[in-house]
Amino acid sequence: MKKIVYIPLFLLVIIINACNKKEVAAPDFSVTLDPANTYKAGENVKFIFSGNPNNITFWSGETGKQYEFRDRVNETATTSVRTDIGVPLKNMSTRMDSYSYIYTAAGTYKVTFVASNTTVYGSKTDVKELEITIEP
């Protein structure tokens, strides 16, 4: 008889816990430039990460890779402009402490990293922007 009482009670506890909505944690993420960088065209630029978000996406700031145009849709009879696309760097199953990128042309670039934590309960993002000048 005691088993019959415990089974429904156990099932009730499981149902109550399953109904509780979980909160998605905001990503704890920051990015800095390696102090040893020289920032010359054709050489590695190293970005140092702290924190471990589920996902990191990178926009270099070059033409066609600018974060500010990620949602752009502009099409007319004579022109078609596509959305700028970021590069996914990290997903949940990896850990990433740094990223290196080579700029081929001199100029000033607005570099953007988007860190996000995503679960079945939702998603939270953190956008980090750096301005970098690449010399010839």
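Basis for what follows: all heavy atoms, side chains included, without hydrogens, waters or symmetry-related copies.
- Panel note: side chain Asp34, backbone Ala36; a donor-acceptor pair is recorded below 3.5 Å.
- Summarising the local packing, NZ of Lys124 is surrounded by more than 12 heavy atoms from other residues, nucleotides or ligands at distances under 6.0 Å.
- Thr57 OG1 to Ile85 CD1: the interatomic distance, rounded to the nearest 0.5 Å, is 11.5 Å.
- Asn54 approaches Thr118 most closely through the heavy-atom pair OD1-N, 3.1 Å.
- The main-chain N or O of Gly51 is never found under 3.5 Å from a side-chain atom of Asp28 such that the two would form a donor-acceptor pair.
- Closest approach of Thr38 and Glu43 over heavy atoms only: OG1-OE1, 2.9 Å.
- Side-chain contact between Phe47 and Leu33 is present, with at least one heavy-atom pair separated by less than 4.5 Å.
- Side-chain contact between Tyr101 and Val111 is absent, with no heavy atoms from C-beta onward closer than 4.5 Å.
- You'll find the side chain of Lys90 reaches within 4.5 Å of the side chain of Asn52, heavy atoms only.
- Across all non-hydrogen atoms, the minimal contact from Pro27 to Pro53 is CB-CB, 3.9 Å.
- Proximity of a side-chain donor or acceptor of Asp84 to a complementary backbone N or O of Tyr67 within less than 3.5 Å is not detected.
- The shortest distance between side-chain heavy atoms of Ser60 and Tyr109 does not fall below 4.5 Å.
- The side-chain heavy atoms of Phe49 and Val31, taken from C-beta on, include a pair separated by under 4.5 Å.
- Taking CG of Asn55 as the reference point, atom CG of Asn117 lies at 8.0 Å (rounded to 0.5 Å).
- Considering every non-hydrogen atom in both Trp59 and Lys65, the closest pair reads CB-O, 3.5 Å.
- With contacts defined as side-chain heavy-atom distances shorter than 4.5 Å, the pair Phe113/Ile56 qualifies.
- Shown are Val24, Thr125, Asp126; of these, the side chain to side chain contact (heavy atoms under 4.5 Å, CB included) with Ser116 is made only by Thr125.
- No continuous path of hydrophobic side-chain contacts links Val114 to Tyr99 [ILVMFWY only; heavy atoms under 4.5 Å].
- Judged purely by atom type and a 3.5 angstrom limit, Gln66 uses its side chain to pair as donor or acceptor with the backbone of Gly61.
- Hydrophobic clustering (ILVMFWY, side-chain heavy atoms < 4.5 Å, transitive): Val87 and Tyr103 are in one cluster.
- The structure places CD of Glu68 at 8.0 Å from OG1 of Thr112, a figure rounded to the nearest 0.5 Å.
- Here the side chain of Asn44 pairs no donor or acceptor atom with the backbone of Ser100 at under 3.5 angstrom.
- Considering all non-hydrogen atoms of both residues, Thr133 and Tyr39 come closest at O-CB, 3.3 Å.
- Nearest approach of Ile48 to Ser98, heavy atoms of both residues: CD1-CB, 4.1 Å.
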